[in-house]
Amino acid sequence: MKPCLLPEPREVRFTGGAFALPNPFRIEAGPRCARAAENLVRAVRGEPGMRAVAGAPGHVILALEPGGDPEAYDLAISPRGVRLSGRGE
């Protein structure tokens with residue numbers, strides 16, 4: 001199965017992690033990711049039956065990690081939630 005992600009990942013490892021988003025779901029983001037969290041809340045607002053709010057603890061966590069390729073990211077999905085870590089702003 002090929003995931004639909006942009007930019008396309010160099011490597012994908014399926015580990016059996018799964019998470020069902022509750023409704024509403026919380027998006028947790030530090031100050032450097034606040035704009036991305038706001039954009040995600042707005043994007044979800046247009047989806048029928050889904051609602052996202054900013055808050056902690058988050059079901060979805062957005063984070064920036066230092067160093068590396070500015071287009072690199074890690075997406076981890078587990079029974080506890082989703083974590084998306086980026087390298088660039």
Side-chain angles (χ1 to χ4, degrees):
M1 180 170 97
K2 184 176 178 178
C4 182
L5 299 170
L6 291 176
E8 187 172 327
R10 272 187 250 172
E11 177 185 348
V12 176
R13 283 183 286 132
F14 292 97
T15 60
F19 180 73
L21 285 173
N23 194 17
F25 66 93
R26 290 185 308 279
I27 301 168
E28 181 178 341
R32 294 177 60 206
C33 296
R35 192 173 89 203
E38 291 167 10
N39 290 341
L40 184 52
V41 168
R42 273 195 297 277
V44 170
R45 204 175 284 149
E47 295 298 318
M50 289 298 296
R51 187 166 162 256
V53 296
H59 300 103
V60 175
I61 298 172
L62 304 179
L64 283 176
E65 306 290 338
D69 182 342
E71 289 192 13
Y73 62 91
D74 292 313
L75 174 63
I77 302 169
S78 74
R80 294 187 319 260
V82 176
R83 180 178 175 85
L84 179 60
S85 303
R87 302 288 185 278
E89 294 186 50

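- Partners of Arg83 under the side chain to side chain donor-acceptor pair (under 3.5 Å) rule, at least two apart in sequence or in another chain, are Glu65, Ser85.
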Can you give each donor-acceptor pair under 3.5 Å made by side-chain atoms of residues 67-76, sequence neighbours left out, with the distance rounded to 0.1 Å?
{"unit_1": "Asp69", "atom_1": "OD1", "unit_2": "Glu71", "atom_2": "N", "d": "2.8"}
{"unit_1": "Asp69", "atom_1": "OD2", "unit_2": "Arg10", "atom_2": "NH2", "d": "3.4"}
{"unit_1": "Tyr73", "atom_1": "OH", "unit_2": "Pro7", "atom_2": "O", "d": "2.6"}
{"unit_1": "Asp74", "atom_1": "OD2", "unit_2": "Arg87", "atom_2": "NH2", "d": "2.8"}

N/O donor to acceptor pairs below 3.5 angstrom from side-chain atoms of residues 36-54, sequence neighbours left out:
{"unit_1": "Asn39", "atom_1": "OD1", "unit_2": "Arg42", "atom_2": "NH2", "d": "2.6"}
{"unit_1": "Asn39", "atom_1": "ND2", "unit_2": "Arg35", "atom_2": "O", "d": "3.4"}

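- In terms of modelled atom types and a separation under 3.5 Å, the side chain of Glu28 and the main chain of Ala56 share no donor-acceptor contact.
- At least one side-chain heavy atom of Val60 sits under 4.5 Å from a side-chain heavy atom of Leu21.
- At least one side-chain heavy atom of Ile27 sits under 4.5 Å from a side-chain heavy atom of Phe25.
- The backbone N or O of Pro57 sits less than 3.5 Å from a side-chain atom of Arg26, completing a donor-acceptor pair.
- Counting heavy atoms from C-beta on, the side chains of Ile61 and Leu84 never come closer than 4.5 Å.
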